[in-house]
Visitor: 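First, the structure itself, so that you have it in front of you.
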Amino acid sequence: MLRAEHLTLAVPGRTLCRGLSLDLLPGQCWCVLGRNGAGKTTLLHALSGLAAPAAGAVWLGDHPVDACPRRERARRIGVLLQDDPQAFWGTALEYVILGRYPHRHGLTRLHQEDEAAARTALEQVEMQDAAHRPLSTLSGGERQRVRLAALLAQAPDIYLLDEPLQHLDLAHQGAMVKLLRHLADQGKTVLAVLHETAWVGRYFDHALLLHDDGPAAGPADQTLTAASLERLYRCPMAEAATEWGRVFIPRV
Amino acid sequence: MQSSRLVFPVLLLLAPASLLAGLAAGSADLPLDQIFHALLAGPADTLASDIVWQLRLPRLLSAFACGGLLALAGVLLQVLLRNPLAEPYILGVSGGASVGALTAMALGAGVGLVNFGAFGGALASVALLLALGVGGGQWNAQRLLLTGVVLAAGYGAVVSLLLSLTPGDSLRGMVFWLMGDLSRAEHPLAALGILIAVLGAARWQAGALDVLALGELKAKSLGVAVEPLQGGLFLLASLCAAAAVTEGGTIGFVGLIVPHFLRLLGVAGHRRLLSASVLAGGSFLVLADTLARTVAAPQQLPVGALTALLGVPTLLFLLSERRRAAG
């Protein structure tokens with residue numbers, strides 16, 4: 001559904017990654033791992049059509065992603081950016097309602113279904129009690145959950161998330177990865193950039209590793225090993241098989 | 001939440017009340033019943049009618065349009081530049097207008113040509129800013145802002161030069177124009193028309209403005225046509241500033257404090273903020289201009305000096321409130 005072909009990712013003055021090809025299908029839950037500066041965020045921008053890759057192409061269905069009409073693209077691809085809306089003027093609910101923008105039309109006022117969708121999304125991240133609190137008064141982790149709620153209210157088919165677990169405590173990290181898994185089980189496509197190796201072996205079925213010498217992508221049980229993560233992070237890793245699944249922890 | 005619900009009804013009352021107060025205030029005493037009578041009867045050949053229809057109403061409507069345009073331009077530029085301190089003149093529109101108007105005055109032109117010079121100067125400065133500040137068709141708020149500020153400094157130098165080269169007797173008119181002065185404003189209809197048109201266009205895109213305020217990338221990811229929207233905002237805000245500065249010279253602080261004040265009262269979403277800013281900015285300038293006409297009568301004060309006198313303490317108060325809220 002979302003396909004990347006021979007992508008080259010670059011930032012001014014530096015090539016980050018070459019020859020990256022990916023097929024993201026409904027029901028798949030991908031994790032993207034890599035060292036700082038490996039090109040994870042640049043990849044997310046390229047996949048979502050927010051910025052063109054240095055070379056290669058991204059296809060959304062049968063069309064290049066940047067040829068898709070803006071609103072239609074926003075109804076199909078949702079992106080959790082790394083921005084922090086600390087200076088936002090309104091309440092948590094007002095922020096989440098902005099996620100409904102691609103479903104609204106120029107002159108129409110806010111529909112009840114938009115507000116209902118926003119409230120449901122806040123419930124999914126357990127933030128319904130904060131609906132009427134100003135967003136700027138929430139903690140970093142609470143704002144992170146509200147940001148995810150805005151993405152849920154956007155209701156895209158494809159979820160691209162840049163560090164969805166940042167600022168979250170352990171219990172909410174667990175709730176977040178379960179929610180992502182749940183979205184994939186419902187037939188959505190999920191791709192999340194993260195650093196938390198404790199979760200990746202248990203909830204993600206596919207992995208993309210952005211090694212210095214080229215990307216490696218595939219099913220998680222083949223791609224994610226202690227050896228591959230050691231090579232990726234240049235850090236000794238251990239793998240433990242637990243009754244909840246495979247867990248990777250650094251040996252330092 | 002609670003106070004923001006009251007803002008609109010209060011503003012809807014404040015606007016006509018400020019206009020009535022302006023109609024009643026002045027060197028000739030006009031009781032309210034005579035004002036109403038003159039208003040309802042339409043222009044007629046009586047003294048009261050002349051005062052209302054020929055003198056006070058055009059100036060009041062000019063003040064309202066001017067204040068509304070300034071507040072509207074402030075809101076639009078604050079979204080475009082994502083800078084809470086953006087105000088209508090920040091991109092140098094008033095500087096260009098000043099150079100145009102003062103040049104016309106130095107050449108001994110009448111009111112019509114001075115206005116023409118102001119509007120032409122404002123539009124020329126917008127065109128220059130577009131050419132210099134938008135390189136390669138790429139919008140960059142930082143670059144636009146920096147270019148605007150640099151251009152404004154350049155206009156300031158030209159204005160100083162014009163002032164120092166002008167003989168004493170024309171100097172007073174120039175200084176008044178620079179401080180903001182509505183005493184020559186007589187034809188409010190064009191400014192009112194621009195005000196209504198821009199308000200309508202901006203309200204049409206209010207939802208997109210809400211999203212754009214979150215940041216360009218975020219807005220893009222939600223399906224907003226960011227570049228066309230930014231271009232439109234720039235042109236609309238420039239048109240507002242140009243029309244306002246043509247009508248009343250460089251009247252400061254209205255475009256800065258009115259949107260901030262409303263946000264502090266909880267008016268936040270752009271659909272409401274845009275309309276509320278027009279009503280509040282218009283009413284504020286009507287009241288300020290009425291004060292300017294009356295406090296030192298028969299001497300008239302430049303209204304720009306009054307808005308600054310009222311605006312500076314208000315803004316300082318708002319900033320200290322914000323520091324307290326943040327701390």
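Just so we're on the same page: letters track the sequence lines, and every chain starts at 1.
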Visitor: Out of the candidates B/Leu273, B/Val267, B/Asp210, only one should pair with A/Trp89 under the side-chain contact (heavy atoms from CB on, under 4.5 Å) rule; please name it.
Guide: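 Among the candidates, only B/Asp210 passes.
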Visitor: Could you report the tightest heavy-atom contact between B/Pro228 and A/Arg70, atom names first, then the distance?
Guide: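 For B/Pro228 versus A/Arg70, the nearest heavy atoms are CD-NH2, 4.5 Å.
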Visitor: Please determine whether the number of non-hydrogen atoms from other residues, nucleotides or ligands lying under 6.0 Å from atom CD of B/Gln142 exceeds 12.
Guide: no
Visitor: Counting only heavy atoms not in A/Arg18, do more than 12 sit closer than 6.0 Å to its CZ atom?
Guide: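 No - once you tally the heavy atoms of other residues, nucleotides and ligands closer than 6.0 Å, there are 12 at most.
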Visitor: Distance from B/Leu222 atom CG to A/His103 atom NE2, nearest 0.5 Å?
Guide: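 These two atoms lie 9.5 Å from each other.
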Visitor: Sort B/Ala208 into side chain, backbone, both or neither according to what part of it lies under 4.5 angstrom from a heavy atom of chain A.
Guide: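 Both the backbone and the side chain of B/Ala208 come within 4.5 Å of chain A.
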Visitor: Drop me the distance from B/Lys218's NZ to A/Arg147's CZ, to the nearest 0.5 angstrom.
Guide: 6.5 Å
Visitor: For A/Asp83 and B/Leu217: C-alpha separation, side-chain torsions, deciding distance, then whether side chain to side chain contact (heavy atoms under 4.5 Å, CB included) applies.
Guide: CA-CA 9 Å; A/Asp83 59 339; B/Leu217 209 56; over 6 Å; no
Visitor: With sequence neighbours excluded, tell me which residues meet ring-ring contact (aromatic ring centres under 6.0 Å, His included) with A/Tyr95.
Guide: A/Phe88
Visitor: Which pair of heavy atoms, one from B/Ser221 and one from A/Ala74, lies closest together, and at what distance?
Guide: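 Closest approach of B/Ser221 to A/Ala74, heavy atoms only: O-CB, 3.5 Å.
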Visitor: So does B/Arg272 have more than 12 non-hydrogen atoms from other groups sitting under 6.0 Å from CZ?
Guide: yes
